[in-house]
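Below, chains carry the letters A, B, ... as their sequence lines are ordered, and counting in each starts from 1.
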Protein chains: 2
Amino acid sequence: MPHTYKYPRPALTVDCVVFGLDEIDLKVLLIQRQIEPFIHRWALPGGFVRMDESTDDAALRELEEETGITKVYLEQLYTFSDIDRDPRGRVVTVAYYALAKLSDHRIRAATDAENVAWFDVDDLPQLAFDHHKILDMAMNRLRAKVRYAPIGFELLPAKFTLSQLQRLYEIVLTAKLDKRNFRKKILSMGLLIETEEREAGVTHRAARLYRFDRRKYRKLAKQGFSFAI
Amino acid sequence: MPHTYKYPRPALTVDCVVFGLDEIDLKVLLIQRQIEPFIHRWALPGGFVRMDESTDDAALRELEEETGITKVYLEQLYTFSDIDRDPRGRVVTVAYYALAKLSDHRIRAATDAENVAWFDVDDLPQLAFDHHKILDMAMNRLRAKVRYAPIGFELLPAKFTLSQLQRLYEIVLTAKLDKRNFRKKILSMGLLIETEEREAGVTHRAARLYRFDRRKYRKLAKQGFSFAI
DNA sequence: TCTCATAGTGTAACAATGACACTAACAATG
DNA sequence: CATTGTTAGTGTCATTGTTACACTATGAGA
């Protein structure tokens with residue numbers, strides 16, 4: 001079923017940079033291509049935008065189809081439009097970045113024999129297309145944004161310890177933070193709810209679990225409060 | 001000369017939000033549409049992306065074609081892709097925002113009888129398409145970015161007084177700033193070069209002119225320095 | 001009961017921020 | 001040429017936020 005237009009049009013795709021966090025490092029989700037071009041190369045999950053969906057919807061759909069991931073924090077990153085970025089012809093891609101709770105998501109290999117895997121961001125394979133460039137920009141955006149918006153919580157389970165939160169910042173910012181100062185600062189914002197629970201299954205003193213108070217943050221944000229680490 | 005594809009494709013456009021600054025308020029450049037849809041309505045300058053140009057190039061080209069503006073600070077803003085944002089059918093637009101030195105640019109009415117004009121951002125006409133939404137986002141971005149990146153200088157002439165610079169921040173941030181504290185802060189960054197010149201043609205004590213030291217800023221930025229007002 | 005690992009806590013020095021008011025210069029006016 | 005009007009230009013102090021720093025508490029496992 002062909003489609004004809006008076007003027008030529010680029011194809012439009014979306015690509016998603018999905019970040020996850022384990023105990024030691026920051027991970028990104030990649031799929032291994034099963035078709036040309038760049039067959040067998042690892043690439044960002046993504047695909048063509050349909051006529052009945054916005055790019056946001058397309059990003060969510062592709063993410064689910066290709067990796068099984070459904071409820072993530074998703075935000076538009078940048079649109080990449082270099083004329084030679086795809087060997088098949090003119091393809092413009094709207095890139096998104098997403099933050100996933102690694103624990104929640106048992107990633108499924110999508111269709112047929114598609115490989116899906118988490119890679120350490122400091123130890124990546126060669127990527128298809130200009131996906132390295134996209135990933136670079138996503139990393140920069142994450143690092144910048146995590147400092148002035150409470151998006152880090154999207155990478156942690158709903159209940160977390162202050163040490164986990166501190167480790168998150170240390171990993172994302174690649175910087176060591178002072179324990180007492182970190183706690184003082186984060187608690188003084190009043191955005192963490194202290195639960196009565198403690199972490200379980202550890203071989204040392206169990207830390208208290210906290211929850212992030214989304215509602216309170218939204219209220220404060222409206223009044224001009226600005227989150228900052 | 002028709003173009004045929006296996007799958008349907010959205011059309012791809014760019015739109016530019018061009019900001020300028022006069023003595024009293026922040027302006028945005030609009031053109032009055034001469035064709036349907038939204039004939040006679042004011043709209044952001046923009047147009048279709050060609051197959052041999054990136055969206056960045058398209059934005060620069062459209063800006064020159066429609067308004068005569070050439071050398072501006074231009075940055076990608078966001079891609080708007082709601083399926084019903086254009087009554088002609090599926091059109092995805094990559095929006096840019098630009099900062100122009102109002103003084104430099106005698107804006108020309110583009111082709112034929114096209115109207116081009118600067119509007120006070122607080123006193124806008126009804127706009128075509130979803131251009132209000134785009135402009136809103138551009139305003140928010142400008143306000144946020146002006147605080148942590150030295151982009152304000154793009155709105156001023158190459159040589160400016162500290163009072164002009166302060167007025168710029170007051171207008172963009174819609175906040176009153178303390179003169180002594182503002183000067184202390186901006187001078188302490190060491191990014192302004194004091195010239196020997198004074199402003200001319202004023203009826204009161206003439207203020208010293210300064211230039212922004214781009215080179216030094218780039219050097220400091222690489223070392224992790226962060227500009228902040 | 002001892003060891004090991006991490007949780008959890010306060011203070012003091014220093015730096016950054018914010019509030020605040022007068023004199024200096026110069027053009028225009030009478 | 002004295003006066004007026006308008007903006008330029010300057011410093012201090014109180015408050016607040018930031019950084020550096022080291023020990024005790026708890027609980028599991030040996």
Is the backbone of A:Thr55 close enough, under 3.5 Å, to the side chain of B:Ser81 for a donor and an acceptor to pair up by distance?
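Yes: the side chain of B:Ser81 pairs with the backbone of A:Thr55.
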Does any residue of residues 198-206 of chain B have a heavy atom under 4.0 Å from DNA chain D, and if so, which ones, in number order?
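Residues of residues 198-206 of chain B under 4.0 Å from DNA chain D: B:Thr203, B:His204, B:Arg205.
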Between residues 158-177 of chain A and DNA chain D, which residues have a heavy-atom gap below 4.0 Å?
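Those residues: none at all.
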Only counting residues at least two apart or in another chain, list the ones meeting salt bridge (charged side-chain N to carboxylate O under 4.0 Å, His left out) with [X].
X: B:Glu197; result: B:Lys159
X: A:Glu199; result: none
X: B:Lys179; result: none

Going through the checks in order, is the side chain to side chain contact (heavy atoms under 4.5 Å, CB included) test met by B:Tyr78 and A:Gln76?
CA-CA 8 Å; B:Tyr78 198 78; A:Gln76 199 187 105; 3.4 Å; yes
Can you tell me if [atom1] on [X] sees more than 12 non-hydrogen neighbours from other groups inside 6.0 Å?
X: B:Arg147; atom1: CZ; value: no
X: B:Arg167; atom1: CZ; value: yes
X: B:His204; atom1: NE2; value: yes

Check the distance between D:dG11's C1' and B:Lys179's NZ and give it to me in whole angstrom.
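It works out to 14 Å between those atoms.
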Contact boundaries on DNA chain C for chain A, cut-off under 4.0 Å to non-hydrogen atoms
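The contact span of chain A on DNA chain C goes from C:dA5 to C:dT11.
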Can you run down the ring-ring contact (aromatic ring centres under 6.0 Å, His included) pairs that involve residues 133-156 of chain B, sequence neighbours left out, and say none if there aren't any?
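Residue pairs passing ring-ring contact (aromatic ring centres under 6.0 Å, His included), neighbours aside: B:Phe153-B:Phe160, B:Phe153-B:Phe212.
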Identify each atom pair where a protein N or O and an N or O of nucleotides 13-19 of chain D are less than 3.5 Å apart, giving names and distance.
from   : atom 1 : to       : atom 2 : distance (Å)
D:dT19 : O4     : A:Lys184 : NZ     : 3.0

Is there a donor and acceptor pair, one atom on the side chain of A:Arg180 and one on the base of D:dA22, closer than 3.5 Å?
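Pair found.
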Which pair of heavy atoms, one from B:Pro45 and one from B:Glu66, lies closest together, and at what distance?
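In terms of heavy atoms, the two residues are closest at CA-OE1, 3.2 Å.
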Minimum heavy-atom separation for B:Asp22 to B:Ile171, with atom names?
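Scanning both residues, the minimum pair turns out to be O-CD1, 4.2 Å.
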Side-chain donor-acceptor distances from residues 218-229 of chain A under 3.5 Å, at least two apart:
none

Sort and list the pairs that fulfil side-chain hydrogen bond (donor to acceptor under 3.5 Å, both in side chains) and have at least one residue in residues 119-145 of chain A, not counting sequence neighbours.
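Pairs touching residues 119-145 of chain A that pass the test: A:Arg41-A:Gln126, A:Glu75-A:Lys145, A:Asp82-A:Lys133, A:Arg85-A:Asp130.
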Can you tell me which stems involve DNA chain C, if a stem is defined as three or more consecutive Watson-Crick or G-U wobble pairs, both distances under 3.5 Å?
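So the stems come out as C:1-30 with D:1-30.
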Look at all strands and tell whether B:Arg183 reaches a base, only sugar-phosphate, or nothing, counting heavy atoms closer than 4.0 Å.
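The residue B:Arg183 makes base contact.
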For A:Glu154, all residues meeting side chain to side chain donor-acceptor pair (under 3.5 Å), sequence neighbours excluded:
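Once residues adjacent in sequence are excluded, the partners of A:Glu154 under the side chain to side chain donor-acceptor pair (under 3.5 Å) criterion are A:Arg214.
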Inter-residue atom distance A:Leu63.CG - A:Asp15.CG, 0.5 Å rounding
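Nearest 0.5 Å value for the CG-CG distance: 11.0 Å.
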